[in-house]
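Within every chain, numbering begins at 1; the chains are lettered A, B, ... in the order of the sequence lines, protein sequences first and strands thereafter.
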There are 2 protein chains.
Amino acid sequence: MSKCEQCIVRQLNSLNELTKDELIRISACKTSKVIKKGEILFNEGEYINGVFCIKDGVCKVTKMSDNGRDQIIKLVKKGDLLGERSLISEEAANLRATALNDLEVCFIPKEEIVKDLKQNNNFTMSMLKELAVSLREADDVIVDMAQKTVKQRLAETLLYLHNNYTKTENGALEIQLSRDDIASIIGTATESAIRLLSSFKKDELIKLKGKDIFILNPEKLKKIAEGF
Amino acid sequence: MSKCEQCIVRQLNSLNELTKDELIRISACKTSKVIKKGEILFNEGEYINGVFCIKDGVCKVTKMSDNGRDQIIKLVKKGDLLGERSLISEEAANLRATALNDLEVCFIPKEEIVKDLKQNNNFTMSMLKELAVSLREADDVIVDMAQKTVKQRLAETLLYLHNNYTKTENGALEIQLSRDDIASIIGTATESAIRLLSSFKKDELIKLKGKDIFILNPEKLKKIAEGF
DNA sequence: CGATTGCTTGACCCCCATCAATCCTCGTGG
DNA sequence: CCACGAGGATTGATGGGGGTCAAGCAATCG
C-alpha cells in the first residue's frame, strides 16, 4: 500500500496543506480502489462518508435532470478531490461520479478529514479557497448555459479540453468522450452535438478520427465561443 | 451607529459564529451604507476588499455574458453576505450587485474577516459550509439551464420567489422585479418571459397586476417545473 | 458472423430570439 | 391639472436553432 506522504498527486490539492504527522495518520486509514471504465464511483443520493482523491484517470460528474437526461457538471482528473462538497455540507451526494477510463482512487474516511479541518487552519483555508474558485467557475457555466448557443458552448468545451487535458503523441485529446458525453457537457441532444462537430470538421477547426479529436484551430474556436 | 453585537440580521449568516469580542472589534470598524434602488453596490472586476452584510432590501447579482446580456445569478436579501467568495479566493469580483429596492448594507473590511477566519475555526467552518451549499445550488441551476425549457424555468423561478420571499398583505410577492429582471433570471428574451407570464395568467396559475405577482397555484407550477 | 451499441444523416416541426409596432404608466414641467 | 415624453410592457409576425423521430451505417464484442 502506497503512502500519502510520498504521493505526488496530493501536491495538486488541499491535502498538501496537511502536516507530515497528519498525512501519516491519514495514510494509515485510507483505502485504495480501482474503478473500471464505465463503472460508478458513487451515486446521487448516496452518503459517501469521506473524500476521494483521484490518483489516476478521468471521471465524469453528472446530475440527472427532472426530464431524465444526464448533465455533466464537470470532469475530474488526476489530483482532484471528489466528495468534499457533500462532506462539508453534510448532505448526501448531489452528483454521480462515473469513470471515463480505468480509475485509481484513494478513499479517506470523513472523520479523518473533519478532524484535520478542525485542527489545521491552513488546510481549512485551502479547502475554503478551492470551493470559492469552484463557485466562480460554476457561475461562469450558468451564464454560458443560459445565454450562449449550443455552437458556442461546443467551441468552448473543445477549447477547455484542449487547454486542460494532455494529448497523445499524435496530437489527439487523450480523454475519450463519447458523442453522448460531449452532448451532455454542453447540454444538448446527441444529434445536435454530432452535427456541430461535423460542421467544425468541415471548417477545419478540428479533425475527427473515431473517438479521437484533434484541435486544429484554437484561436478560431475561441472566437466562435465568444460569439464571432 | 448600530452595533454588530445587537444586530438581528447577523443571526442569519456565518457571522453568528463570531465571539462577542470579535463582534465588538468588527463593529468598531464596519461602515454602513444606503444604496438607492437601481444603484450598483459593486461591479464585475472590482476588488471589493471586504464583505457586505445585507441589513435590509433585496439585491440582484448578475454577470454579463460575452454576447452582452446580463444574467442574474442569484437574488440576495436581508441577512445574506455578499463578496465572501471573491474575498476568499482573492480574486476580483466576478459578479455585479445592483439594488432592486433601497438597500441597507454594512461593509466589513477584508483584514478583519481574514483575521477571524484564521483564528476562529467555527467561523471558518460555517463559511465553508455556506460555500458548499451554494455550490450545490449552483450545480442545480446548471442542470436546469442546460436541460429545462424556458417555461419550466419560469415556473421554477416563480415557485422559488413564492417559497423564499415574503408577500404583501394582499398576497402579492413583495419583491418587485421588472420583466427584464425575470427574463434575466431564467435566461431568455424579455418578450418570451412576458408571453409565458400571460399564458400562466390565462391558466390561472398566477395573477398579474402591474408589477405585482400573485402565485395562485404553486402545486401546478411545480408540476410544470418538473415537466408535467 | 450475427447482434448489440454507438455514430451519422435526413426530415420535420416547435420553441424561442429577434424586429417592429403599439399601448401603458408614470414622472416632469408648463 | 393636463400634456407630453420616455421607458417599460405587450402583442404580432417571422425565421432559425435545435429537439425529436426514424432509418441507415460503422464498429465492437461475444
Rounded distance in Å - CG (D180(B)) to P (dT18(C)): 13 Å
The residue, A146(A) or L197(A), whose nearest nucleotide of DNA chain C is more 5′ is L197(A)
Check whether any side-chain nitrogen or oxygen of S192(B) sits under 4.0 Å from OP1 or OP2 of dA17(C), and answer yes or no. yes
Atom pair distance, as rounded to whole Å: CZ in R153(A) and C1' in dG19(D): 13 Å
Between dG19(D), dT20(D), dA9(D), which nucleotide has the shortest distance from any of its atoms to the side chain of R195(A)? dT20(D)
Whole angstroms only, please: what is the NZ-P distance between K211(A) and dA27(D)? 13 Å
What is the separation between atom CG on D181(A) and atom C1' on dT5(C), rounded to the nearest whole Å? 14 Å
Picking from dG18(D), dT9(C), dT11(D), the nucleotide nearest the side-chain atoms of I194(B) would be dT11(D)
Does NZ or CZ of K77(B) come closer than 6.0 Å to the centre of the six-membered ring of Y165(B), within 45° of the ring's axis? yes
For atom CD1 of I182(B) and atom C1' of dC16(C), their distance in whole Å: 17 Å
Does dT9(C) have OP1 or OP2 sitting under 4.0 Å from an N or O in the side chain of R179(A)? no
By nearest atom, which of the nucleotides dA17(C), dC7(C), dG18(D) is closest to the A189(B) side chain? dA17(C)
Is it the case that atom NZ in K201(B) sees more than 12 heavy atoms from other parts of the structure closer than 6.0 Å? no
Under 4.0 Å, heavy atoms only, any strand: does K201(B) hit a base, just the sugar-phosphate, or nothing? nothing
In terms of side-chain heavy atoms, does D180(B) have a donor or acceptor partner in S178(B) at a distance below 3.5 Å? no
Rounded to the nearest angstrom, tell me the gap between atom NZ in K148(A) and atom P in dA17(C). 16 Å
More than 12 non-hydrogen atoms from neighbouring residues, nucleotides or ligands closer than 6.0 Å to NZ on K110(B), yes or no? yes
Length of the NZ-P vector between K37(B) and dG8(D), whole Å: 11 Å
From dG19(D), dT10(D), dC16(C), nucleotide with atom closest to T188(A) side chain: dG19(D)
Within the structure, does a side-chain N or O atom of T190(B) lie under 4.0 Å from either OP1 or OP2 of dA9(D)? no
Send over the distance from L154(B) CG to dA17(C) C1', rounded to a whole Å. 17 Å
When you check the side-chain N and O atoms of S89(A) and R85(A), is any donor under 3.5 Å from an acceptor? yes
Proximity to the side chain of E191(B) - top-ranked nucleotide from dC16(C), dT20(D), dA20(C): dA20(C)
